[in-house]
Amino acid sequence: MIKSIAAATALVAISPFASAGQPASLGQLLDLGAQKLSSGEVQSLGDLRIVRKAADADSYMTMRGDRTVVGMVHNKQGHGSSEAVGTWQLQPDGQRCVAVQLPAFRMEMNQCSYTYRLGKDIFFAPSDSDRTVAVTHYTENAFLE
C-alpha cells in the first residue's frame with residue numbers, strides 16, 4: 001500500500017513552510033507534541049509517494065520500502081524533464097539519507113533528515129537536536145493513509 005504525502009519533497013530544493021498555526025522550527029514542532037519517528041517507524045511507513053508542485057518544477061517520486069527512489073521531475077522553465085533514480089539509507093537513530101540522480105539535468109541531490117509526526121501530519125528536519133532548524137511540513141493534503 002502506498003501512503004501519500006502531497007506537496008514539498010525533501011528530494012528537490014525545498015523551503016520551510018510556516019503559516020498561521022504551523023511550526024517553522026523544530027523547537028516549535030516539538031512544543032506542539034510532535035514525535036520523532038524511530039528507524040523502525042520510518043521503515044514501517046513503506047512506500048511513500050511524494051508530489052511537489054511549484055512554479056519552477058513539478059516532481060513525482062516514490063521512496064520505496066526496498067530503499068530505492070524512483071520518479072520524474074518536470075522543469076517548467078524550458079529545461080525538459082528528467083527521470084529521478086536513487087537510494088535511501090536509514091541510520092539507527094531514524095535519520096533517512098537520500099541520494100537521487102536526475103540524469104537529464106546532470107544533477108545529483110543528497111539530503112538527510114529526521115521524520116516527525118504531529119497527528120497525521122509529517123514534517124522533516126535536518127537535525128534532531130537543534131531546536132532552531134527549519135522544518136518542512138507537507139502542505140495541502142498532508143497525511144498518511
Side-chain angles (χ1 to χ4, degrees), residues 1-77 81-103 105 107-145:
M1 177 169 123
I2 294 179
K3 285 113 179 149
S4 296
I5 298 179
T9 176
L11 306 175
V12 178
I14 56 177
S15 61
F17 172 80
S19 67
Q22 292 297 329
S25 70
L26 178 58
Q28 291 172 346
L29 182 65
L30 294 173
D31 290 347
L32 290 172
Q35 298 294 314
K36 181 178 105 172
L37 299 185
S38 69
S39 60
E41 290 169 318
V42 172
Q43 182 68 46
S44 72
L45 292 174
D47 292 355
L48 292 176
R49 181 173 292 146
I50 301 168
V51 177
R52 175 186 183 263
K53 293 187 177 192
D56 61 342
D58 292 340
S59 61
Y60 307 88
M61 296 191 203
T62 300
M63 292 194 304
R64 294 180 173 164
D66 68 1
R67 299 189 183 210
T68 60
V69 179
V70 296
M72 182 67 68
V73 175
H74 303 288
N75 182 283
K76 295 178 182 177
Q77 299 173 334
S81 299
S82 181
E83 173 184 34
V85 293
T87 59
W88 61 271
Q89 297 180 2
L90 189 58
Q91 305 304 317
D93 66 352
Q95 182 185 50
R96 185 191 320 235
C97 294
V98 180
V100 173
Q101 294 181 350
L102 301 170
F105 301 146
M107 292 177 62
E108 182 173 322
M109 295 175 292
N110 297 289
Q111 185 171 0
C112 295
S113 63
Y114 294 91
T115 306
Y116 293 83
R117 182 184 306 216
L118 181 62
K120 289 186 175 184
D121 290 340
I122 295 295
F123 294 80
F124 290 92
S127 174
D128 66 347
S129 59
D130 181 353
R131 293 177 57 89
T132 65
V133 298
V135 294
T136 301
H137 175 224
Y138 283 81
T139 60
E140 296 176 15
N141 299 320
F143 64 90
L144 288 179
E145 295 180 321

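What you see is a predicted model, and the numbers here were worked out from it, not measured in a lab.
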Closest heavy-atom contact between [X] and [Y]?
X      : Y      : result
Phe105 : Asn75  : CZ-CB, 3.9 Å
Ser39  : Pro92  : OG-O, 3.5 Å
His74  : Ser81  : ND1-OG, 2.7 Å
Ala54  : Asp58  : N-OD1, 3.4 Å
Pro23  : Phe123 : CG-CE2, 3.9 Å
Leu102 : Ala84  : CD2-CB, 3.5 Å

Does the side chain of [Y] come within less than 4.5 Å of [X]'s, by heavy atoms?
X      : Y      : value
Thr115 : Ile122 : yes
Pro103 : Ser82  : yes
Glu41  : Arg117 : no
Met107 : Val73  : no
Val135 : Tyr116 : no
Thr62  : Arg49  : yes
Gln89  : Gln91  : yes

Verdict with supporting geometry, Gln95 and Asp128, side-chain contact (heavy atoms from CB on, under 4.5 Å): CA-CA 9 Å; Gln95 182 185 50; Asp128 66 347; over 6 Å; no
Got a second to check how far Gln28's CD is from Thr132's OG1, nearest 0.5 Å?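 Output value for this atom pair is 11.0 Å.
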Supply the atom-to-atom distance Cys97 SG to Gln111 CD, rounded to the nearest 0.5 angstrom. 9.5 Å
Any donor-acceptor pair under 3.5 Å linking the side chain of Trp88 with the backbone of Val100?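 No: the side chain of Trp88 does not pair with the backbone of Val100.
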Donor-acceptor pair, distance only, cut-off 3.5 Å: does the side chain of Asp47 make one with the backbone of Gly65?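 Yes; at least one donor-acceptor contact below 3.5 Å.
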Is a salt bridge present between Lys36 and Asp93, judged by a nitrogen-to-oxygen distance below 4.0 Å? no
Start with the C-alpha gap between Met61 and Val98, add the side-chain angles, then the distance that decides, and say whether side-chain contact (heavy atoms from CB on, under 4.5 Å) holds. CA-CA 12 Å; Met61 296 191 203; Val98 180; over 6 Å; no
